[in-house]
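Atom set for the values below is all heavy atoms of this structure, side chains included, hydrogens, waters and symmetry mates excluded. Sequence positions, counted from 1, serve as the residue numbers for this chain. In this text the structure is predicted, and so the values were computed from the model without any measurement.
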Amino acid sequence: MIVGLKTQILPAGEAAVAAAARALAEGGLVAFPTETVYGLGADATNPAAIARLYQAKGRPAFNPLIAHVGDISAARQIARFDTAATALAEAFWPGPLTLVLPKTQDCAVADLATAGLDTVAVRIPAHRIARDILRVFGGPVVAPSANISGHVSPTAAAHVHADLAGRIDVIVDGGAVEVGVESTIIGCFEEPMLLRPGGLPRAEIERVLGRALLQPPADAESDNGQPLAPGMLASHYAPRARVRLNAVGLEYGEALLAFGLGAISGIDAASHVMNLSERGDLDEAAANLFGHLRALDAKGARTIAVMPIPDEGLGEAINDRLRRAAVGRE
């Protein structure tokens, strides 16, 4: 692994976009903001660059990556769209939706990025800086979250720097992201399947499709097998601290990740308290989730107790990330 690189941090703008595109073309690694979280980009057609990305993140090579493209024409060059996929793309792209689709015969995305699958995960991000980089670079860019694999995902450039400084070439600082959880992933198989809840709620997708989404097989999220899509390892998005879910009372010395203004017993014993959304707003909670987990982890909390969060709208994605953060730590 190349460690000890001088990682440039560049404020978002025309010069940063040009530098990012140049680094990608040279096989470098570039972190940049999307509307969901910060992504760590590499040329999707360059196996050596993708191998560097896996090494920098410490990411299992069997976990596939999402190819980000600038427009639907570029997406159709690497993936085959059926009627359902076309409807979803037209309704929600650019935006926080990833589609897992069959590869085209001449798909340029390297096999290393698709983990040897005959499908490719693709999306068009909505963030202006991300799209500018894709436009100037002119090709697909794989971009998983810009953090050490398994750590809490980054929603600000400082989070990226904390994990990856010295391992990557460029960080484009575009400020805090808007959505705060990763994209929703839909597998466009014989029937559309929800592979990962995310920044686009299930109900909006089902409204466009006119039918319910299938759930993945029970064994699809094992840490021992090959996942169907990015972000499906059971233990993922994890802080160092133990995470205790659905807490209605606090044990002495625990940190509290609160939601809303509901009462919780033992709060006076909390080592630290952060609230995802005092007004109980799930959009605000999603935007704050990873930043608050990182902040409580940085304070040295041994356990982070999390108040119950409604499993509706973006709450489904929030609870999905929290369950993964808690695997092996409960």
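A donor-acceptor pair is defined here as one N or O able to donate and one able to accept, closer than 3.5 Å; such a pair exists between the side chain of Tyr54 and the backbone of Leu112. In terms of modelled atom types and a separation under 3.5 Å, the side chain of Thr7 and the main chain of Gly166 share a donor-acceptor contact. Using a distance-only test at 3.5 Å, with no hydrogens or angles considered, a donor-acceptor pair links the side chain of Arg167 to the main chain of Ala56. No side-chain donor-acceptor contact under 3.5 Å links Asp43 to the backbone of Gly27. Side-chain atoms of Glu204 never come within 3.5 Å of backbone atoms of Pro201 as a donor-acceptor pair (strictly under, hydrogens ignored). Within the 3.5 Å criterion, the main-chain N or O of Ile309 finds a donor-acceptor partner in the side chain of Asn319. With hydrogens and angles ignored, the 3.5 Å screen pairs a side-chain donor or acceptor of Asn275 with a backbone N or O of Gly260. In this structure, Lys57 contributes its side chain and Leu164 its backbone to no donor-acceptor pair below 3.5 Å. Side-chain atoms of Asn147 come within 3.5 Å of backbone N or O of His151 as a donor-acceptor pair. At distances below 3.5 Å, not a single donor-acceptor pair connects side-chain atoms of Arg202 with backbone N or O atoms of Pro197.
Here the side chains of Val100 and Phe189 are in contact, with some heavy-atom distance below 4.5 Å. At a threshold of 4.5 Å between non-hydrogen side-chain atoms, the residues Pro239 and Leu296 do not count as touching. Under the 4.5 Å side-chain criterion, counting only non-hydrogen atoms from C-beta, Ser183 is in contact with Arg196. With contacts defined as side-chain heavy-atom distances shorter than 4.5 Å, the pair Ser277/Phe259 qualifies. Inter-residue side-chain proximity for Leu322 and Leu289 is flagged as met; some heavy-atom pair is nearer than 4.5 Å. Proximity of Leu282 to Pro310: side-chain heavy atoms (C-beta onward) are separated by under 4.5 Å at one or more points. Thr104 places a side-chain heavy atom less than 4.5 Å from the side chain of Cys107. In this structure the side chain of Phe81 never reaches within 4.5 angstrom of the side chain of Cys188, judged on heavy atoms.
There is no path of hydrophobic side-chain contacts, each under 4.5 Å, that joins Leu200 to Val181. Note: the hydrophobic cluster containing Val152 also contains Val306 (ILVMFWY, side chain heavy atoms under 4.5 Å, direct or indirect links). When the side chains of ILVMFWY residues are joined at heavy-atom separations under 4.5 Å, either directly or via intervening members, Val120 and Val141 end up in two distinct hydrophobic clusters. Residues Leu65 and Leu99 fall into different hydrophobic clusters, defined by Ile, Leu, Val, Met, Phe, Trp and Tyr side chains chained together at heavy-atom separations under 4.5 Å. Each of Phe92 and Val177 belongs to its own hydrophobic cluster when Ile, Leu, Val, Met, Phe, Trp and Tyr are linked at side-chain heavy-atom distances under 4.5 angstrom.
Looking at every heavy atom in both residues, Val172 comes nearest to Ala20 through CG2-CB, 4.1 Å. Across Pro154 and Val160, no two heavy atoms sit closer than the pair CB-CG2, 3.8 Å. Scanning all heavy atoms of the two residues, the minimum distance from Val122 to Ile78 falls at CG2-CD1, 4.0 Å. Smallest separation of non-hydrogen atoms from Ile9 and Asp173: CG2-CB, 4.3 Å. Minimum heavy-atom separation, Pro216 to Leu195: CB-CD2, 4.2 Å. Residues Ala121 and Thr98 come closest through the heavy atom pair CB-CG2, 3.8 Å.
Here the straight-line distance linking atom NE2 of His161 with atom CD1 of Ile168 works out to 9.0 Å at 0.5 Å rounding. The distance from the OG1 atom of Thr83 to the CG atom of Leu88 is 11.0 Å, given to the nearest 0.5 Å. For the atom pair CG of Leu250 and CE of Met307, the computed distance is 9.0 Å after rounding to the nearest 0.5 Å. Distance check: Ile66 CD1 to Thr114 OG1 gives 13.0 Å after rounding to the nearest 0.5 Å. Separating the CG atom in Leu194 from the CG atom in Asp320 is a distance of 8.5 Å, to the nearest 0.5 Å. A distance of 5.5 Å separates CE of Met193 from CG of Leu214, quoted to the nearest 0.5 Å.
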- Task: Kindly indicate, with the supporting measurements, whether the criterion side-chain contact (heavy atoms from CB on, under 4.5 Å) is fulfilled by His127 and Phe32.
- Result: CA-CA 10 Å; His127 197 287; Phe32 56 87; over 6 Å; no
- Report the C-alpha distance between Leu24 and Ile133 in whole Å, list the side-chain angles of each, state the deciding distance to 0.1 Å, and finish with yes or no for side-chain contact (heavy atoms from CB on, under 4.5 Å). CA-CA 9 Å; Leu24 289 169; Ile133 291 170; 3.8 Å; yes
- Message: Evaluate Asp163 against Arg294 for side-chain contact (heavy atoms from CB on, under 4.5 Å), listing each step before the verdict.
- Response: CA-CA 11 Å; Asp163 265 18; Arg294 281 181 173 269; 3.5 Å; yes
- Message: I'd like to know whether Thr184 forms a side-chain contact (heavy atoms from CB on, under 4.5 Å) with Ile205, so could you lay out the CA-CA distance, the side-chain angles of the two residues, the decisive distance to 0.1 Å, and finally the verdict.
- Response: CA-CA 10 Å; Thr184 301; Ile205 298 167; 3.7 Å; yes
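Applying the salt bridge (charged side-chain N to carboxylate O under 4.0 Å, His left out) test to pairs two or more places apart or on separate chains, those with a residue in residues 28-39 are Glu35-Arg123. Screening residues 109-118 for salt bridge (charged side-chain N to carboxylate O under 4.0 Å, His left out) gives Lys103-Asp111 as the qualifying pairs, with residues at least two apart or on separate chains. Screening residues 65-84 for salt bridge (charged side-chain N to carboxylate O under 4.0 Å, His left out) gives no qualifying pairs among residues at least two apart or on separate chains.
Scanning for side chain to side chain contact (heavy atoms under 4.5 Å, CB included) contacts around Ala44 gives Val109, Pro140, Val142, with sequence neighbours left out. Listed by chain and residue number, Arg128, Arg135 satisfy the salt bridge (Lys or Arg N to Asp or Glu O under 4.0 Å) test with Asp132 (two or more places apart in sequence, or in another chain). Legend: residues meeting salt bridge (Lys or Arg N to Asp or Glu O under 4.0 Å) with Glu178, ordered by chain and number and at least two apart, are absent.
Heavy-atom neighbours of Glu14 CD from other residues, nucleotides or ligands within 6.0 Å: at or below the threshold of 12.
The pair Arg22-Asp169 fails the salt-bridge criterion, with no side-chain N (NZ, NE, NH1 or NH2) lying under 4.0 Å from an Asp/Glu carboxylate O.
With no hydrogens or angles considered, a side-chain donor-acceptor pair links Glu182 and Ser153 at under 3.5 Å.
The residue from His272, Arg302, Arg244 that alone fulfils the side-chain hydrogen bond (donor to acceptor under 3.5 Å, both in side chains) condition with Glu254 is Arg244.
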